[in-house]
Amino acid sequence: MAHSKTRANDGKITYPPGVKEISDKISKEEMVRRLKMVVKTFMDMDQDSEEEKELYLNLALHLASDFFLKHPDKDVRLLVACCLADIFRIYAPEAPYITNFFNQVLMLGKTSISDLSEHVFDLILELYNIDSHLLLSVLPQLEFKLKSNDNEERLQVVKLLAKMFGAKDSELASQNKPLWQCYLGRFNDIHVPIRLECVKFASHCLMNHPDLAKDLTEYLKVRSHDPEEAIRHDVIVSIVTAAKKDLLLVNDHLLNFVRERTLDKRWRVRKEAMMGLAQIYKKYSLQSEAGKEAAKQISWIKDKLLHIYYQNSIDDRLLVERIFAQYMVPHNLETNERMKCLYYLYATLDSNAVKALNEMWKCQNLLRHQVKDLVDLIKQPKTDASSKAIFSKVMVITRNLPDPGKAQDFMKKFTQVLEDDEKIRSQLEMLVSPTCSCKQAEGCVREITKKLGNPKQPTNPFLEMIKFLLERIAPVHIDTESISALIKQVNKSIDGTADDEDEGVPTDQAIRAGLELLKVLSFTHPISFHSAETFESLLACLKMDDEKVAEAALQIFKNTGSKIEEDFPHIRSALLPVLHHKAKKGPPRQAKYAIHCIHAIFSSKETQFAQIFEPLHKSLDPSNFEHLITPLVTIGHIAMLAPDQFAAPLKSLVATFIVKDLLMNDRLPGKKTTKLWVPDEEVSPETLVKIQAIKMMVRWLLGMKNNHSKSGTSTLRLLTTILHSDGDLTEQGKISKPDMSRLRLAAGNAIVKLAQEPCYHEIITLEQYQLCALAINDECYQVRQIFAQKLHKGLSRLRLPLEYMAICALCAKDPVKERRAHARQCLVKNINVRREYLKQHAAVSEKLLSLLPEYVVPYTIHLLAHDPDYVKVQDIEQLKDIKECLWFILEILMAKNENNSHAFIRKMVENIKQTKDAQGPDDQKMNEKLYTVCDVAMNIIMSKSTTYSLESPKDPVLPARYFTQPDKNFSNTKNYLPPEMKSFFTPGKPKAANVLGAVNKPLSSAGKQSQSKSSRMETVSNASSSSNPSSPGRIKGRLDSTEMDHSENEEFTLASPLPGKKTDKRDDSDLVRSEMEKPRGRKKATITDSEEKLSIDDLNKVGQEQKLRGSQRGRKRPAVVSEADETQWQEEKRLKEDVIESEDEQNSPPKKGRRGRPTRTNNGATPKEEPVAKASKRSKKKQPPAAAVEEEEEEEERQTENIEQKPKGRQNRTSKRTQQRAEPSETSTVESAQSTPQKRRGRSSQTPPAQQKKVRAGRSKQAASKENESSEEMDVFQSGSPVSDDIPQEEVMEEEEVSTINVRRRTSKRERR
């Protein structure tokens, strides 16, 4: 080679025959043509052709020059590389030479030995492609280069090996495993471009070498949590690209990485993951390109995509809507196909995805109405009032679009366009009309975008934003034709002619789902149901045996039947007798909807109600429980809808039948059991009737909406007496414990329901309110759970007064982590609802006292001062409980210091100390308790805020019912806290008000509008009416969708209600004591004799003792546990494990001690660690349904507001940080029996929190935070398992959490007196 080079120094280049000179002076196309001829010449040359070798040597050197090797055109470089590969074959046929050359370049770095040295990696690739055996001795050198300290050098080798390993027929990975393993190690390279290159290579490797998928999976898993957004993004691209080629190329683990990234904190990554899953779903599930097995493998995608609608980011929700319209139920399908697709999709979605889809339609419908209102306003003559109304409407619409800042400007511009351009306005008017068909909608969108578009402007952000709006409001799926097609599909299933089995859906399930789907659409698209064919099919459904189907059909009639009387007389005459029958003898829920149908459809409803009411009223028999429930439901709803029509008979019915015959009578003894709750089917018929009797009274009062006859006062007394007597109103001891729990719950729920009506809220006394509040600490888990749901529902709709939010503070005492977490979520949601409402309705600022979340603080302080657990004013343990409860609320309120709200709260607390307790202004001990609680609150504020000492924006106003007017001559500067309390206030900033990660039952309903009536929010103030404090919670501009910070880049950390602690382990270590004493039995005195009967007015006398009893109710505290007892119990525990296996943990009274946790000794030390006991099977049982308690009005309320949804569930991921965290050591000191107050019923007793030390293993904070910054999801909502607002049933309860609920027991009536 060297000799030849010398001979060729004359520099003359000889080209093959027919090939002209190749230089920079010819075109690229001509160069490619000539190079192809040169390639052929070199390919045909033999190693023995010495003459040709000599002839073309200069040409070979010419082609190896930089001009060709670095040519900008890829084809040129490729052809030159092919030439060079052959040149190597011809001029250097010996492998030893090749080895020597690469050794010189790769190992010794000698780049001067040849002009080809700098193109060494290109040469290796070409030689490998020609003959892999030529490089057998070179490959180990590449392994060495992969470990080079030079980032760029490593990158070049990685790029080379990616091509070599990923090539279609390459066997390099199997032939050279050490090199393959070394290459895989570069997935974890410190240099970002190298990791990126590895991830990009993955898709080629998966497609060309499925056998390597297993090796790649583990490395892609780590990279899917990479700190770099681009790498996480490309992991998704690689997996999805391979999956779209063939689903068999990707395993479930790889698909799961894509699933996880749908919750990434970065929008770009989330979007890629969601779109990737959507494309995979459409290809393999919708179009069934790989058969049923493949469709089954990815059946989870549809649920997962819809679950993302629970996220708080508007971008996520808009993308879900787009995916639904394009990939899940493609809107361009023919109507029948589209409806069939929707029908079977709806039938196979999980319950949480169904709720998300319902919510999606609801949000779109709401926005459609907002745009319709905007168009109507624009058409009106222009005035100052209309301009303000237009601006207000624009602001509301803006919140439903991405980037509300820009959206606001674009919407203003669009409003101007609508005012000026009548054609666009008429197209938009057609689009939002209830009669708009799907085809018309597509035409309208096309016309509007065409008119707004500008051909000279390729990127038009204004047009993009308007497209987002049009996409959301265009009815592309549902119109009259679609509803008709959907009804036909349901009929096919009913007739047995549908493809239900082929679609993998049992026929009953398909029919039920179809009716549910129609029910949902009847809220959002009622006009589309107005056809004889549709109503006739619904009539047929009413006569079916399936109760759920008939129930759904009734609700559809109720929602869509307003024109039946005028337009469909034959339907009217066929429907009426069916409704009468359902109201009199149907199941309770059908009876309810039948009454509401009559009310909504018929003009002669008074006559119809009379025909139903009279016979039912006459036939009521107190001894026939089975036949009482439907009449009570029917009469209750008639009373609510037509209170004046039956005023006299209803009052008599309540006084004599409901109160005397049902509630004040215990006819049958209940079953003896130690359980506190049983499933609905085990509740005694008499108790079910009593629950319905209570609900009937409440509906009657809600219909009347006044207290002129003092019926409301009497009913409230009756309800609080039920609470006071543990649910056993007569105190004869006949009622079983589970039935007492049901009745306590019914009474508590009834008070909450009545409090939502202003005329009854005013007459609820403070003592009654405080007693009702204790239901949230009931000894029965289900009572606490369902009562909290009712409370949250009333608060989030702004129907309950603000003081009811203070009740949530008592949830800090709940020993079950799920309940505390759920209560905290409720608080976050309710506080945000109020702040959002104030920002949207500037005009309601005069009602700040009833809306501003910060005003919950005075109510909380007052409630805690009157808490029955707070007996000794200076008791440290009791004060620590108070601190926990206050921090439970203050932590969320203080998470943001908007408009100096910390100073506002501090001023509020200071002002309370200058007043007296209006409930007992002369009670010195009560006032001292109030001031002590104020000091606890003040210390929390001072320890958690750096701005509390600033000037308050305005002087806060205190509620006059709770506090007296401040005494100007009285300056209360005394500190009421014992000195040793100071150590319990640890300084530190409040955590962002996020939802606890322990339990994820998201409560926010995306896009839901707060419903309120201003009359519900009026609160009497003890300050002058001119006082109008500015809202510390109000700021200019837009409000984030929720307080929890839903910026895409921020993660959620586990926030603790305990100041200064990173996580809350109270339920595990120090919240609960072992209860060694069985609850004492008691003899109950009766309220009435057989001769004595109580009329409704006589109820005034019932509960006269209530005030007296209120402050004297004794509670029993569990006895102090000795060390010996604890040790003995640990031994016994193992023996009893199997015996109690069959018991339902939540339905039994609390058991001694804790299972699966180290017990605590008297001296505070932790006993020797024992293996954690396995959770028994019973902890996995589902909660029993509580339909008998929740009853029908829940659904009615939801429907009035167009289907409300609530998600729930556990988080689907645990950060590595928490996985590596060591078990916290648990220490506690047992308090002396002397300082322990008496416990009363209604609370699950708990011990004070002990100090805990957190031991963190494994890594530095920086490392952990870096990893979490990259990998944790944007949101804590585990999309996989939300739950409805009805009664979320926690499916899995930690055994030790449930079994340790200590019971508050009431002493006997004699003791209480």
Return yes if some donor-acceptor pair links the side-chain N/O of Thr634 with the main-chain N/O of Ala583 below 3.5 Å, else return no.
yes
Any side-chain heavy-atom pair of Cys772 and Thr720 under 4.5 Å:
no
Enter the distance from Ile722:CD1 to Asp728:CG here, rounded to the nearest 0.5 Å.
10.5 Å
With side chain to side chain contact (heavy atoms under 4.5 Å, CB included) as the test, would you mind laying out the steps for Ile635 and Met696 before giving the verdict?
CA-CA 7 Å; Ile635 290 170; Met696 189 256 141; 3.9 Å; yes
Salt-bridge test for Lys355 and Asp350: reply yes if a basic N is under 4.0 Å from a carboxylate O, no otherwise.
no
Determine whether Asp621 and His627 make a side-chain contact, defined as any pair of heavy atoms from C-beta on separated by less than 4.5 Å.
no
Hey, is the main chain of His637 close enough, under 3.5 Å, to the side chain of Arg699 for a donor-acceptor pair?
no
Minimal heavy-atom distance between Val549 and Arg512, with the atoms involved, is CG2-CA, 4.2 Å
What one should report as the nearest heavy-atom pair of Val354 and Tyr346 is CG1-OH, 3.3 Å
Which heavy atom of Glu686 sits nearest a heavy atom of Asn665, and at what distance?
OE2-O, 3.2 Å
Side chains of Thr673 and Pro738 in contact at under 4.5 Å (non-hydrogen atoms):
yes
Is there a donor-acceptor contact under 3.5 Å from the side chain of Gln756 to the main chain of Gly794?
no
Apply side chain to side chain contact (heavy atoms under 4.5 Å, CB included) to Lys737 and Trp677, showing your working.
CA-CA 7 Å; Lys737 289 182 186 300; Trp677 190 269; over 6 Å; no
Any chance you could lay out the side chain to side chain contact (heavy atoms under 4.5 Å, CB included) test for Trp700 and Met640, step after step, and finish with the verdict?
CA-CA 5 Å; Trp700 170 58; Met640 189 165 67; over 6 Å; no
Distance from Gln789 atom CD to Arg784 atom CZ, nearest 0.5 Å?
13.5 Å
Do Met740 and Thr687 make a side-chain contact, defined as non-hydrogen atoms from C-beta onward lying under 4.5 Å apart?
no
When you compare the side chain of Ile751 with that of Tyr769, does any pair of heavy atoms fall below 4.5 Å?
no
salt_bridge(Asp680, Arg742) N-O dist < 4.0 Å:
yes
Are the side chain of Arg820 and the backbone N or O of Asp814 linked by a donor-acceptor pair below 3.5 Å?
yes
State plainly whether the residues Arg744 and Asp726 are in salt-bridge range, i.e. N to O under 4.0 Å.
no
Residues Asn559 and Ser522: closest non-hydrogen pair is ND2-OG, 2.9 Å
Roughly how far, to the nearest 0.5 Å, is the CD1 atom of Ile735 from the OG atom of Ser725?
8.0 Å
Which atoms form the tightest heavy-atom contact between Glu626 and Pro685, and what is the distance?
OE2-CG, 3.9 Å
Out of curiosity, Gln782 CD to Asp778 CG, how far, rounded to the nearest 0.5 Å?
10.0 Å
Test side chain to side chain contact (heavy atoms under 4.5 Å, CB included) applied to Leu628 and Leu662, step by step
CA-CA 10 Å; Leu628 265 179; Leu662 296 182; 4.0 Å; yes
Side chain proximity check, Gln692 to Val633, heavy atoms < 4.5 angstrom
yes
Please report the closest heavy-atom contact between Leu515 and Cys541, naming both atoms and the distance.
CD2-SG, 3.9 Å
Is there side-chain contact between Cys811 and Ile776, with heavy atoms separated by less than 4.5 Å?
yes
To the nearest 0.5 Å, atom CD1 of Ile612 lies from atom CG of Leu579 at 8.0 Å
Would you indicate whether the side-chain heavy atoms of Glu731 and Asp666 approach each other to under 4.5 Å?
no
Verify whether one side chain among Asn830 and His792 offers a donor that lies under 3.5 Å from an acceptor in the other.
yes
Distance from His307 atom NE2 to Leu349 atom CG, nearest 0.5 Å?
8.0 Å
